[in-house]
Amino acid sequence: MRPTAFLYALLLCLGLSVLPGVPSVAKAQPVSRPVEAAAVVPPGPQRADNIEAELVPLSRWAAPGSTVVVAVHQTIAPGWHTYWRNPGDSGGPTTLDWRLPAGVKAGEIVWPLPTRQRLMSLVNYGYSGEVYLPVPIEVPASARPGTTLPLTVDALFLVCSDQMCVPVQMSLRLDLPIREGAPPLDPDHGAAIQAVLEAAPRPAGLDARATLQNGVLTLSATGGSLADLSQAYFYPFEGGIIDHAAAQSGHSGPNGLSLTLTPGGDLTAKGLNGPISGVLATDAGAWEITAQPGVVLAGTTGGKALSGEVEAPSAGTRLNLGLILQSALFALVGGLILNLMPCVFPILAMKAAALAASAHQPREARRDGLLFLAGVLATFLVLAVVLLALRAGGEAVGWGFQLQSPAVIAGLALLMLAVGLNLSGVFHVGAGLQGAGAGPLSRLPGGAGAFFTGVLAVVVAAPCTAPFMAAALGAALLMPWPAALLIFLMLGLGLGLPYLAVSLSPGLLRRLPRPGPWMDRLKGLLAFPMYGAALWLVWVFSRQTGAEGLALLMAAALTTAFALWLFGLTQAQRALGRSARLSGGFSLIALGAALVLAVIAGRAPVLGAASVAESGPLASAPWSADSVRAAQAEGRPVLVNFTADWCVTCKINERAALSSPRVAAALKATNAVYLVGDWTRRDDAITRELERHGRSGVPLYLLYPANGGEPRILPQLLTEGVVIEALKGA
């Protein structure tokens, strides 16, 4: 399935066809209808997150009875693109639905030559940066000088990056004055539109033939300026004619040229039953051609080879498969390393105590191991589906997105507090005896507890984006969804594998001590990592919300502790055969109050929150793309730290490598700028920058050279020496 298949399916359900080869869109026929009086569109540019568009004129006015040219001017955000009339292997072309006064007619888009955009084994045709799509407009002779002609178009753009696509619909308007005489060029856009019109492919009277033999499509053409060329490439107007990602080899001849193409799926299935139309682009110009079925034209072979083509598709296929296998291996290793990270360790320590309790009951141990792994895999799968669905719908989210929500952080903090109080004996979950005189088991009850602990381990694992995980997660979000889900499941397998291996090994289980009073002491000891995790989450919450939210969360924590103490008292009263309705009722009331306080805390306004994540003593400024460009324009290297307060790996790096006087001295000596991108709270600009460098989460460290150009990506685990050496090399 293509990377944007989810979006395509959604748009198809809405009646918008975006798949290549669908005639209603791929041909992008203009549609004109009378201006609707109720639909008032303001003139001027319209803006979305990833594109700005405006309807602009070639000339300053239009004369009655003339044909004028207007253009849809697109300014596309860096890292994004729109599509040509044939989008290639994925995507959809820009479509225009005109609303025009009576007698005014709009022609077809004059499509500029597209660029080839490769994504693994796929190749698309489209545009990036600044684009003009000119359209001829017929003005009736009855148009009166001194009036204005309101031109309105409903434009649908499919704006895509390497990770996601966003359909953007805009209504654009231009009020074109009507005057007598030949108009001059528009001072703002006229020259640019004229350049597009002059360079755009157009019919040139070339003679062309298409020959399909033994699974090879040969396109030959003669006439015009086709002799003595060095480069040539054929862009078909329709999908399915050729394999867009395949190499196009060619030769010149005394009368023209010939190209050897790989047939597409439609041509392979149906054969060559009619002409093939498209654009023949060469180093001498680009022309529209229609190749009739027939033998190769004479004088189009035997000369020098034509260059400048894409690589063979087999290489892309191998790269795709190799990338998937490599990413899956990195994901497995990253999941294994997660077991050693501080944010996951308290959860696994609790399960280790549970494993010790069932060590001499192999059946229960196997059940717990399998259900713990099931909980891990199910949660990774849910997170992957949510993340990929949000990406396909146009949201800018990355790994750890759930921890960017103060409400989620508040809930996790209270949950960690509750688990700690349970381990401290304030109340009991799954109470039972394990031998004479033993206290309650230090584990959640049965298989459900094992499954839930797997869920909890994944939820709190996001702050610890372990080494090997960044490349795997970044690659997963570029791949088709089946491969992406495989990467996430391999992460889960790595996280749950050690616990599963021990639970399935009778020899290892027999080496564990038998349950006894020592388990109560171990259980009490394990409560303190849970309290520490709760305090850390409260600190993260304070960084996301501010003082008011922190006060409300602390009140919620106190009320939660009181509710659970009352619940434990209720359990003790019932164990003695006494009525505990009063304490049980107050426990429920207090627990409800705690939940209300937690919800209010999660929605508290941000007051006085830090604008930049704490990043050590180094003098820093907030990251922005403009700040990077400005520093490089001054000839200064730029060190960028993308971090978050809930990212444990980030904090370790900042203490170990970015808080050093030697690093500060190196920054000063190299005249470097230190910028910090704080991802603690959601920031779509930072998310898009992470995606641009193939990452789905923090930490990410970039070092831009002083003389401009793309940055160097530093390792995820920093040392003082790594940073200093990188600065010297910049």
Side-chain angles (χ1 to χ4, degrees), residues 19-23 26-27 84-89 113-114 116 118 121-125 201 203-318 320:
L19 291 173
V22 178
K27 294 181 180 179
W84 188 53
R85 57 184 295 175
N86 171 16
D89 288 325
L113 193 68
R116 302 193 293 276
R118 176 172 288 278
S121 62
L122 306 179
V123 165
N124 297 328
Y125 302 143
L206 302 179
D207 190 16
R209 295 290 184 273
T211 308
L212 182 61
Q213 288 183 343
N214 301 322
V216 176
L217 177 65
T218 302
L219 186 73
S220 55
T222 61
S225 304
L226 293 184
D228 194 28
L229 297 175
S230 299
Q231 298 177 349
Y233 192 89
F234 178 68
Y235 297 87
F237 284 157
E238 295 181 1
I241 301 300
I242 68 170
D243 183 344
H244 302 109
Q248 297 187 10
S249 60
H251 288 82
S252 65
N255 300 330
L257 60 83
S258 63
L259 292 176
T260 301
L261 313 174
T262 302
D266 290 351
L267 201 62
T268 301
K270 301 175 183 177
L272 183 58
N273 299 319
I276 296 175
S277 297
V279 171
L280 181 62
T282 73
D283 49 340
W287 303 279
E288 294 182 1
I289 64 172
T290 298
Q292 300 292 338
V295 298
V296 176
L297 293 171
T300 59
T301 59
K304 64 181 179 181
L306 301 176
S307 62
E309 314 307 337
V310 296
E311 67 262 75
S314 57
T317 303
R318 288 194 297 270
N320 187 10

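- Remark: the Ser277 side chain and the Thr290 side chain contain an N/O donor-acceptor pair separated by less than 3.5 Å.
- Looking only at distances, a side-chain donor or acceptor of Ser258 sits under 3.5 Å from a matching main-chain atom of Thr300.
- The backbone N or O of Ala232 sits nowhere less than 3.5 Å from a side-chain atom of Thr282 that would complete a donor-acceptor pair.
- Distance check: Ile276 CD1 to Phe237 CZ gives 12.5 Å after rounding to the nearest 0.5 Å.
- A pairwise comparison of heavy atoms in Gln248 and Ile242 identifies NE2-CD1, 3.5 Å as the closest pair.
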Exercise for the section: Report the C-alpha distance between Trp84 and Val279 in whole Å, list the side-chain angles of each, state the deciding distance to 0.1 Å, and finish with yes or no for side-chain contact (heavy atoms from CB on, under 4.5 Å). Expected result: CA-CA 12 Å; Trp84 188 53; Val279 171; 3.9 Å; yes
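- Here the closest heavy-atom approach between residue Ser220 and residue Val295 is recorded as OG-O, 4.5 Å.
- Under the side-chain hydrogen bond (donor to acceptor under 3.5 Å, both in side chains) criterion, Asn255 pairs with no residue, sequence neighbours left out.
- For Thr268, the side chain to side chain contact (heavy atoms under 4.5 Å, CB included) partners are Pro263, not counting sequence neighbours.
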Handout entry: Verdict with supporting geometry, Leu272 and Leu267, side-chain contact (heavy atoms from CB on, under 4.5 Å)
Key = CA-CA 6 Å; Leu272 183 58; Leu267 201 62; 4.1 Å; yes
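- Between the side chain of Asp207 and the backbone N or O of Thr222, no donor-acceptor pair lies under 3.5 Å.
- When atom types are taken as modelled, the side chain of Glu288 and the backbone of Gly278 share no donor-acceptor pair closer than 3.5 angstrom.
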Problem - Derivation and outcome, side-chain contact (heavy atoms from CB on, under 4.5 Å), residues Arg116 and Tyr233 - result: CA-CA 11 Å; Arg116 302 193 293 276; Tyr233 192 89; 3.2 Å; yes
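- The two residues Ala291 and Arg209 make their nearest non-hydrogen contact at CB-C, 3.7 Å.
- For the atom pair Thr218 OG1 and Leu212 CG, the distance stands at 8.5 Å (nearest 0.5 Å).
- Looking at heavy atoms from C-beta onward, Pro201 lies in side-chain contact with Leu113 at the 4.5 angstrom threshold.
- Contacts of Thr260 classified as side-chain hydrogen bond (donor to acceptor under 3.5 Å, both in side chains), with partners at least two apart in sequence or in another chain: none.
- Between Val216 and Thr211 there is no side-chain heavy-atom pair separated by less than 4.5 Å.
- Side-chain atoms of Asp89 never come within 3.5 Å of backbone atoms of Asn124 as a donor-acceptor pair (strictly under, hydrogens ignored).
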Problem - Tyr125 and Arg85: CA distance, side-chain angles, deciding distance, side-chain hydrogen bond (donor to acceptor under 3.5 Å, both in side chains) verdict - result: CA-CA 8 Å; Tyr125 302 143; Arg85 57 184 295 175; over 6 Å; no
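- Counting heavy atoms from C-beta on, the side chains of Leu261 and Phe234 come closer than 4.5 Å.
- With rounding to the nearest 0.5 angstrom, the CG atom of Leu259 is 6.5 Å from the CG atom of Leu306.
- A pairwise comparison of heavy atoms in Val123 and Ala245 identifies CG2-CA, 3.6 Å as the closest pair.
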